[in-house]
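Owing to the predicted nature of the structure, the values given are computational and were not obtained by experimental measurement. Throughout, numbering of the chain's residues begins at 1 and tracks the sequence. Only heavy atoms go into these numbers, but all of them, side chains included; no hydrogens, no water, no symmetry mates.
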Amino acid sequence: MERDKNYDLELAKYIWSILKSNLPVLMSWGVEIETVKVITCGLEFRVNGFKHTGKVQIVLNEGADLFEVCLIGEDGEIRDKREDIYFDMLVSVVDELVEKTDDYENLKSASNLNGNLNCSKELEHYAS
């Protein structure tokens with residue numbers, strides 16, 4: 001059976017819509033919009049996160065109807081892979097891998113004091 005040519009595109013749009021459901025978190029990953037691309041059964045994009053800089057691949061495991069997230073480093077090597085992710089956990093799983101740490105709030109506050117992460121004006125632009 002030949003794969004529907006639009007299936008991967010529609011699936012990528014679906015995954016992107018899940019990620020956009022929590023836009024502030026998605027923005028915190030430093031997604032490079034020009035790198036977002038459709039891959040077989042999923043979506044790939046580059047991030048500049050607090051914990052991971054490189055590619056993120058999100059693929060649907062069609063048999064299980066669950067997602068897989070794969071982090072790929074600058075050198076092309078797989079850094080981490082998580083499987084069996086339900087759609088309602090997708091954003092939080094990617095966030096834990098890319099951005100969020102246990103002491104995130106303390107580190108963010110310290111960075112804000114130094115002016116490194118103070119981007120409220122830029123965020124206001126995206127929120128309007």
Asks: Is any side-chain heavy atom of Glu77 less than 4.5 Å from a side-chain heavy atom of Ile72?
Replies: no
Asks: Can Asn61 and Glu83 be counted as having a side-chain donor-acceptor contact under 3.5 angstrom?
Replies: no
Asks: Could I get the full list of salt bridge (charged side-chain N to carboxylate O under 4.0 Å, His left out) partners for Lys51, not counting sequence neighbours?
Replies: none
Asks: Mind checking the CG-CG spacing from Leu23 to Leu19? Nearest 0.5 Å is all I need.
Replies: 10.5 Å
Asks: Locate the shortest heavy-atom distance separating Gly42 from Ile15; write the atom from each residue and the value.
Replies: CA-CD1, 3.7 Å
Asks: By salt bridge (charged side-chain N to carboxylate O under 4.0 Å, His left out), which residues pair with Glu10, not counting sequence neighbours?
Replies: Lys13
Asks: Should the ring pair Trp16 and Phe45 be called parallel, tilted or perpendicular, given that the plane angle runs from 0 to 90° and is split at 30 and 60?
Replies: perpendicular
Asks: Taking only residues two or more places apart in sequence, or in another chain, which ones meet Asp75 in a salt bridge (charged side-chain N to carboxylate O under 4.0 Å, His left out)?
Replies: Arg79
Asks: Look up atom CZ in Phe67 and atom OH in Tyr14, then write down how far apart they are to the nearest 0.5 Å.
Replies: 5.0 Å
Asks: Going by the rule salt bridge (charged side-chain N to carboxylate O under 4.0 Å, His left out), which residues pair with Glu74 if we only count those two or more places apart in sequence or in a different chain?
Replies: Arg46
Asks: Side-chain contact, heavy-atom cut-off 4.5 Å: Val98 with Phe50?
Replies: no
Asks: Would you check if Val31 and Met27 make a side-chain contact, meaning some heavy-atom pair closer than 4.5 Å?
Replies: no
Asks: Using a 3.5 Å distance criterion without hydrogens, assess whether the side chain of Asn48 forms a donor-acceptor pair with backbone atoms of Thr53.
Replies: no
Asks: What residue pairs, at least two apart or across chains, pass salt bridge (charged side-chain N to carboxylate O under 4.0 Å, His left out) with a residue in residues 19-28?
Replies: none
Asks: Is there side-chain contact between Leu43 and Lys37, with at least one heavy-atom pair below 4.5 Å?
Replies: no
Asks: For the atom pair CG (Leu60) and OG1 (Thr40), what is the distance rounded to the nearest 0.5 Å?
Replies: 12.5 Å
Asks: Would you compute the distance between atom NZ of Lys55 and atom CD1 of Ile39 and round it to the nearest 0.5 angstrom?
Replies: 9.5 Å
Asks: Taking a hydrophobic cluster as the set of Ile, Leu, Val, Met, Phe, Trp and Tyr residues connected by side-chain heavy atoms closer than 4.5 Å, whether directly or through intermediates, do Leu11 and Val59 fall within one such cluster?
Replies: no
Asks: Could you check if a side-chain atom of Ser21 sits within less than 4.5 angstrom of a side-chain atom of Leu26, using non-hydrogen atoms only?
Replies: no
Asks: Can you name the closest pair of heavy atoms from Ala12 and Val38 and give their distance?
Replies: CB-CG2, 3.8 Å
Asks: Please report, to 0.1 Å, the donor-acceptor pairs under 3.5 Å made by any side chain of residues 84-93, with sequence neighbours excluded.
Replies:
residue: Ser92; atom: OG; partner: Met89; partner atom: O; Å: 3.0

Asks: Show the nearest heavy-atom pair for residues Trp29 and Val47, with the distance to one decimal.
Replies: O-CB, 3.3 Å
Asks: To check you understand the geometry: which heavy-atom pair defines the closest contact between Ile78 and Cys70, and what is its length?
Replies: CG2-SG, 3.7 Å
